[in-house]
Amino acid sequence: MTVKKVTVVAGEDAAPEAMESSVELLDKMGLGIEWIWPLVGNEATARGLPPFPEEARAQIDAADATFFGATSGPTVPVLFYLRWGKETYANVRPTRWIPGFRSSLAKPQGIDLVIIRENLEDAYVLIEGEVADLAPLNLTSLTTQKKAHELGEGKFAVKIITRKRSEEVLRFGFDLARRRKAEGFPGKITVSAKWNMLFQTDGLFVTVARELSPEYPDISLETLIVDDFAHRLVSNPHSFDVVVLPNLYGDILSDAAAGLAGGLGLAASGCYGRDYAYFESVHGTAPDIAGKGIINPTASLLSAVLMLDYLGYSQASKSLREAIETVYREGRKLTPDQGGKSSTREFCAAVWGKLK
Ligand code: ATP
């Protein structure tokens with residue numbers, strides 16, 4: 001196999017503590033991956049460079065994937081490039097309970113679902129402004145029957161759902177449900193949005209799902225209004241297999257799903273485009289525990305499990321996942337968020353102990 005190159009962007013606050021320990025462990029696995037640490041964020045500005053220098057961008061472009069920590073601001077331009085520059089449209093966030101995960105549920109056994117969040121549009125096109133500036137458009141609000149610009153002093157945000165992006169991410173969902181079905185999952189995709197209010201935008205999203213459905217006769221399509229989905233996610237998470245959501249709902253509800261399984265310290269994600277992918281934990285930079293050496297690296301390591309699979313190291317991916325699961329099953333070397341007393345490094349050493 002040719003040597004794979006991975007750019008690592010550790011991020012800020014406590015995130016680098018999780019990332020450095022994770023990369024150290026991954027490196028010890030001896031896969032021959034070349035790890036490249038571009039100079040970005042605070043380290044770049046401290047040397048008089050912009051936060052996202054051209055060289056860093058070239059390194060990301062030349063890599064097979066990027067492993068990203070979490071950002072509180074300085075590395076946001078990198079994240080924006082990875083997402084919108086590389087058009088990584090499908091944000092895949094698995095929620096799988098394994099014994100030892102500190103879940104809030106009495107019966108978390110068997111929770112194994114994947115939320116796919118459309119990653120590029122919806123409210124995240126970030127077009128906001130003054131309500132008064134809407135005057136030239138002469139828009140009428142369907143609910144108030146008033147002109148949009150006459151609703152009062154305030155701000156607006158634009159929500160855009162395109163057919164192209166909806167089709168891309170929904171197809172990704174159908175294909176994933178099919179691959180999981182081959183592994184014994186039920187072969188079901190749930191598509192959820194608020195089309196009973198947002199007839200046009202969310203309406204388009206669900207329409208595209210229904211249009212694609214006949215191409216996947218082996219996969220059953222369930223469509224749920226998003227408030228109903230939120231309720232079922234909490235009351236019966238076991239009923240879901242693959243779920244596809246527009247960006248904003250997906251952002252919020254995948255964090256909720258992470259909470260069900262045992263918290264943000266455990267939640268991984270991979271963002272996939274047509275020819276690039278990056279992998280990052282769902283959590284933020286955990287500033288409250290920065291410098292303490294106790295951030296749970298499980299989210300980073302489980303993101304690395306997805307990354308190894310993407311890069312073609314499927315056996316190593318499986319071994320790493322199993323090693324993490326064993327450490328949780330034994331429950332002796334867990335970080336404080338999971339009720340343990342171990343440090344980030346001690347947890348990684350325990351995982352390495354199971355891999356050797
Ligand atoms: P963002 O808005 O960027 O998602 P946030 O400040 O809302 O960030 P986090 O940084 O994820 O959220 O932190 C929320 C809480 O969860 C904090 O108390 C933090 O310490 C905790 N937390 C997050 N990730 C981890 C982790 N990997 N290990 C332990 N605790 C974590």
Side-chain angles (χ1 to χ4, degrees), residues 8-26 40-42 51 67-80 82-83 91-98 100-104 115 117 119 123-124 126 245 247-271 278-307 320-321 324-325 327-328 331 333-351:
V8 185
V9 178
E12 289 87 40
D13 302 323
E17 297 164 41
M19 290 295 283
E20 283 156 19
S21 303
S22 299
V23 174
E24 224 169 83
L25 170 59
L26 291 163
V40 290
N42 290 334
F67 191 32
F68 195 92
T71 180
S72 63
T75 45
V76 160
V78 186
L79 189 62
F80 276 29
L82 288 168
R83 200 169 288 183
N91 185 337
V92 176
R93 297 180 161 195
T95 293
R96 176 163 180 264
W97 183 84
I98 55 179
F101 274 17
R102 198 155 79 158
S103 168
S104 52
I115 293 183
R117 160 190 172 195
N119 214 22
Y124 292 70
L126 284 196
L245 301 169
N247 206 339
L248 181 58
Y249 311 132
D251 190 3
I252 297 166
L253 292 166
S254 58
D255 270 34
L260 290 177
L264 284 171
L266 311 172
S269 87
C271 297
Y278 75 95
F279 299 84
E280 63 169 340
S281 44
V282 169
H283 62 75
T285 59
D288 51 331
I289 54 170
K292 295 186 177 162
I294 55 163
I295 185 168
N296 189 344
T298 306
S300 301
L301 288 173
L302 288 176
S303 302
V305 166
L306 297 174
M307 183 171 74
L320 178 58
R321 183 162 63 81
I324 295 167
E325 289 181 8
V327 172
Y328 273 95
K333 291 283 177 192
L334 305 184
T335 47
D337 60 302
Q338 294 300 306
K341 289 194 171 68
S342 297
S343 67
T344 310
R345 292 195 165 277
E346 285 164 344
F347 177 86
C348 286
V351 175

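Indexing begins at 1, ligand by ligand and atom by atom, following the structure's order. Just so you know, residue 1 is the first one in the sequence shown, and it goes up from there.
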Inset, instruction - Side-chain contact test, heavy atoms from C-beta onward, threshold under 4.5 Å: evaluate it for F279 versus S300 and give yes or no. - result: no
Legend entry - Backbone or side-chain N or O of D288 under 3.5 Å from ligand 1 N or O: yes
Inset, instruction - State, with a plain yes or no, whether a side-chain heavy atom of T335 is found less than 4.5 Å away from one of I294. - result: no
Inset, instruction - Give the residue, atom name and distance (to 0.1 Å) of the protein heavy atom nearest atom 27 (N) of ligand 1. - result: N296 O, 3.0 Å
Inset, instruction - Please check if a non-hydrogen protein atom sits closer than 4.0 Å to atom 19 (C) of ligand 1. - result: yes
Legend entry - Atoms of ligand 1, numbered as shown, that sit under 4.0 Å from any heavy atom of T285: 10 (O)
Legend entry - Output field: ring centroids Y328/F101 closer than 6.0 Å: yes
Legend entry - Salt bridge R345-E20, side-chain N to carboxylate O under 4.0 Å: no
Legend entry - Ion pair D255/R93, N-O distance below 4.0 Å: yes
Legend entry - Atoms of ligand 1, numbered as shown, that sit under 4.0 Å from any heavy atom of I295: 26 (C), 27 (N), 28 (N)
Legend entry - I289 neighbourhood, listing ligand 1 atoms whose heavy-atom distance to it stays under 4.0 Å: 20 (O), 29 (C), 30 (N)
Inset, instruction - Could you list the atoms of ligand 1 found under 4.0 angstrom from a heavy atom of G265? - result: 26 (C), 27 (N)
Inset, instruction - Would you mind checking which non-hydrogen protein atom is closest to atom 10 (O) of ligand 1, with the distance to 0.1 Å? - result: A286 N, 2.8 Å
Inset, instruction - Report yes if some N/O of L264 lies less than 3.5 Å from some N/O of ligand 1; otherwise report no. - result: no
Legend entry - Side-chain touch I289/D13, heavy atoms, less than 4.5 angstrom: no
Legend entry - Identity and distance of the protein heavy atom lying nearest atom 23 (C) of ligand 1: H283 CB, 3.7 Å
Inset, instruction - Measure the distance from atom 5 (P) of ligand 1 to every protein heavy atom, then report the residue, atom name and distance (to 0.1 Å) of the closest one. - result: G284 CA, 4.7 Å
Legend entry - Working for side-chain hydrogen bond (donor to acceptor under 3.5 Å, both in side chains), residues E280 and S303: CA-CA 6 Å; E280 63 169 340; S303 302; over 6 Å; no
Inset, instruction - Could you tell me whether the side chain of V305 reaches within less than 4.5 Å of the side chain of R321, counting heavy atoms only? - result: yes
Legend entry - Taking atom 6 (O) of ligand 1 as the reference point, the nearest protein heavy atom with its distance: P287 CD, 4.6 Å
Inset, instruction - Give a yes/no verdict on a cation-pi contact between R83 and Y124, requiring under 6.0 Å between NZ or CZ and the six-membered ring centre and an angle within 45° of the axis. - result: no
Legend entry - Protein contact for atom 29 (C) of ligand 1 (heavy atom, distance under 4.0 Å): yes
